[in-house]
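The shown structure was predicted, so the numbers you read here are calculated from the model rather than taken from an experiment. Just so you know, these numbers use all the heavy atoms, side chains as well, and skip hydrogens, waters and symmetry mates.
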Amino acid sequence: MPSDVSEESMSLLERFVVLMYDRTSDTMEVNDARKQLFAHKSSALENIPPTQAALQQHIKRASLQGNCWNQTLVLNPGLLIPSDWGWTKEASGWQPLWTTLPEASKSCHELIHCGCKKGCTGRCKCTKAALKCTALCAYSGDC
């Protein structure tokens, strides 16, 4: 059993997940697919793939489960440490580590977007918030 999910495996699994959410996509990474589906195809949050960080933790948990099942007939199985495979130890027991990213509310300012048609002016929401335009803006962040 490897000590971590390899980059090659992660890349293949990301592409698979992207195709599960958008079978016509040529995007290779889930984060790019999330951005594309949310910003340009107006998909609801429940219809976009997980973040790369969340997907990686899920893959780790699934790998740990597979490793346990693979050793069901072994007399003295060499079990892995759950904290290395997508779980955290808490007072109530082992809990899934859903993601390593910070809480969304701390980065919600990135969801501010403008509808400027001919470049950003003084009335631009992004300018008022002292932010650069993002991919959600009318010009896809090119303001």
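- Remark: the backbone N or O of Q56 is not paired with any side-chain donor or acceptor of R61 at under 3.5 angstrom.
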Inset, instruction - Check the pair I81, W87 against side chain to side chain contact (heavy atoms under 4.5 Å, CB included), reporting the backbone distance first and the verdict last. - result: CA-CA 9 Å; I81 301 168; W87 293 89; over 6 Å; no
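- A donor-acceptor contact shorter than 3.5 Å is absent between the side chain of R15 and the backbone of M10.
- With a 4.5 Å cut-off on side-chain heavy atoms, P50 and V17 count as touching.
- With hydrogens and angles ignored, the 3.5 Å screen pairs a side-chain donor or acceptor of N31 with a backbone N or O of Q52.
- A side-chain N or O of T24 and one of D22 form a donor-acceptor pair less than 3.5 Å apart.
- Considering all non-hydrogen atoms of both residues, S9 and V5 come closest at CB-CG1, 4.3 Å.
- Hydrophobic cluster membership differs between W85 and V74, with clusters built from Ile, Leu, Val, Met, Phe, Trp and Tyr side chains linked at under 4.5 angstrom.
- Counting heavy atoms from C-beta outward, W98 and Q57 have side chains that stay 4.5 Å or more apart.
- Here the side chains of P49 and L37 are in contact, with some heavy-atom distance below 4.5 Å.
- How far CG of L64 is from CG of L80: 6.0 Å, rounded to the nearest 0.5 Å.
- Between D84 and K60, no side-chain nitrogen of the basic residue sits less than 4.0 Å from a carboxylate oxygen of the acidic one, so the salt-bridge criterion is not met.
- Under the 4.5 Å side-chain criterion, counting only non-hydrogen atoms from C-beta, L55 is in contact with E14.
- Residues passing the side chain to side chain contact (heavy atoms under 4.5 Å, CB included) test with Q65, sequence neighbours excluded: W69.
- Across all their heavy atoms, T27 and A33 have their closest contact at CG2-N, 3.6 Å.
- Considering every non-hydrogen atom in both L79 and C68, the closest pair reads CD2-SG, 4.3 Å.
- Nearest heavy-atom pair, A53 versus T100, reported as atom, atom and distance to 0.1 Å: CB-OG1, 3.6 Å.
- Closest heavy-atom contact between A54 and T99: N-OG1, 3.7 Å.
- Taken together through direct or relayed side-chain contacts under 4.5 Å among Ile, Leu, Val, Met, Phe, Trp and Tyr, W94 and L97 form parts of separate hydrophobic clusters.
- Nearest heavy-atom pair across V18 and S25 is CG1-OG, 3.6 Å.
- Tested against D32 for a side chain to side chain contact (heavy atoms under 4.5 Å, CB included), the candidates Q36, R34, E29 yield a single pass: E29.
- A continuous path of hydrophobic side-chain contacts links I59 to V30 [ILVMFWY only; heavy atoms under 4.5 Å].
- Under a cut-off of 6.0 angstrom, the local environment of CD in E90 is crowded, with over 12 non-hydrogen atoms contributed by other residues, nucleotides or ligands.
- Here OG of S63 is found 11.5 Å from CG of N70. Values are rounded to the nearest 0.5 Å.
- Residues N47 and Y21 form no side-chain contact, since every pair of their non-hydrogen atoms from C-beta on lies 4.5 Å or further apart.
- A search for side chain to side chain contact (heavy atoms under 4.5 Å, CB included) contacts involving S11 returns nothing, not counting sequence neighbours.
- Here K35 pairs with nothing under the salt bridge (charged side-chain N to carboxylate O under 4.0 Å, His left out) rule; sequence neighbours left out.
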